[in-house]
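Just so you know, ligand 1 is whichever comes first in the structure, and atom 1 is the first atom listed for that ligand. Everything quoted here is computed from the prediction, not taken from an experiment.
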Amino acid sequence: MRVRNWLFDNFKAAANSFGFEEYDAPILETEELYTRKQGEEITQQLYNFEDKGERKVTLRPEMTPSLARMVLAKANTLPMPLKWYSIPQCWRYERMQRGRLREHYQWNMDIWGSDGAEAEVELLCAIVNFFERIGINSSQVGIRVNNRKLLQYVLESAGINEEQFTPVCIIIDKMDKIPQEVIEEQLSSLGLTSENIKLIQSTLSLKDLKSINETLGNENPAVNELNQVWELAENYGITEWIEFDASVVRGLSYYTGTVFEAFDKSGTLRAICGGGRYDTLLSTFGGSDIPACGFGFGDVVIMELLSDLDLIPELPSGVDDIVFAMNEDLREAAMQVANKLRKNGRSVDLILNERKMKWVFKHAERSQAKTLVMITPNEWEQGKVRIKNLENKTEIDIDLEEI
Ligand code: HAM
């Protein structure tokens, strides 16, 4: 918990430093909030059941639909743009593997009501801010950025219709996890010809924004949006963290524009976080659309990475003082001293059972307390307590009043 709290405190500090407000939502939601029909993995991984009122409910696999539901309910009264963050626990019935568990926490940051690249870049910056806080630099991780409109444009020019586009993205997202033949089979079962598949493959292999500018021209909406992201990222000084990669589409159906994911540069782990723009989610819930973008950043992969890089800090327990009564007759005195220290705002661990001095020293070392306050018979008689500074190992006797 100490490590988790440290991680979450850094999530929160990064979000707070960008002026985001924390929100929460119920863990249990109706199943229909997630029943999207485009074949996404997430909708097949629900921890769902029927409750006593025969309602189909599920533990949330992600936070975005809950957030959308809440925004929709108050769309007219919420001041836009909305900048909100949360660290929900999420459940997905996945095959457990390194970096993927059935239960995880996911830091979410979302901006609603802002349709420009400023919003995406703010999110990218917040991710960088978080990495820097925990001691990770741009030689260790990067953020791949793409725009779904790029592939959409290429596919539409090849005659592939709009309905096929989202399922194509979902298949493409699985490309580095399943064999190429299977991907090709799945694409052709959507009705794509082998020329279309080749076109997709050549589009995905684009890694250079300059050549895309040259081939498609900067009037192209996808190219234009990507250029804006890079321009703004330059102003923020984060370009060393980001790279263009046309193969990043992310596996969720609702993304409509910019998409991104953070990755470790040693290439051993799965995506550290993922997100993007989703401007049309509200209309799938029957509301009027509001432009939105955000990301989800899990606690699992980042902890694997921090452990690989040996960056998990030694975290003290947070105890200032350990108070110890030398014998049971002094217990009341020890309680009095502990009480006084606590009233003065100190965090005090009072030793509750009879213990040998050796045990107390060991315990003090383990908990990394700052001082050991010993209630000893002779000193107590004179209204004094013995204080050992555990950092420099010096001892002094002080009057009870001086505590
Ligand atoms: P996602 O790409 O499904 O996006 O997940 C985002 C992140 O959550 C992943 O990159 C990973 O860090 C973590 N994650 C997901 N599943 C697991 C798991 N089984 N075990 C450990 N970590 C996991 C979403 O969920 C979107 N709702 C994010 C978003 C927010 N997009 C816009 N706003």
Would you say the side-chain atoms of [X] and [Y] include a donor-acceptor pair closer than 3.5 Å?
X      : Y      : result
Ser66  : Glu29  : yes
Asn146 : Tyr255 : no
Thr280 : Asp289 : no

CD of Glu120 to CG of Leu226: how many Å apart, nearest 0.5 Å?
10.0 Å
Quick check for you: to the nearest 0.5 Å, what is the distance between Lys370 atom NZ and Ser347 atom OG?
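The NZ atom of Lys370 sits 8.0 Å away from the OG atom of Ser347.
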Yes or no: does [X] have any heavy atom under 4.0 Å from an atom of ligand 1?
X      : answer
Ile42  : no
Cys293 : no
Ile272 : yes

Where ligand 1 meets [X] - atom numbers and elements under 4.0 angstrom, heavy-atom basis:
X      : answer
Glu62  : 24 (C), 25 (O), 26 (C), 27 (N)
Gly274 : 10 (O), 28 (C)
Asn108 : 30 (C)

Protein heavy atom at shortest distance from atom 8 (O) of ligand 1
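Of the protein heavy atoms, Gln106 NE2, 2.9 Å lies nearest.
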In terms of residue, atom name and distance, what is the protein heavy atom nearest to atom 14 (N) of ligand 1?
His104 NE2, 3.3 Å
Do any nitrogen or oxygen atoms of Tyr254 come within less than 3.5 Å of a nitrogen or oxygen of ligand 1?
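There is such a contact, yes.
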Could I get the full list of ring-ring contact (aromatic ring centres under 6.0 Å, His included) partners for Phe295, not counting sequence neighbours?
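Here the qualifying residues are Trp107.
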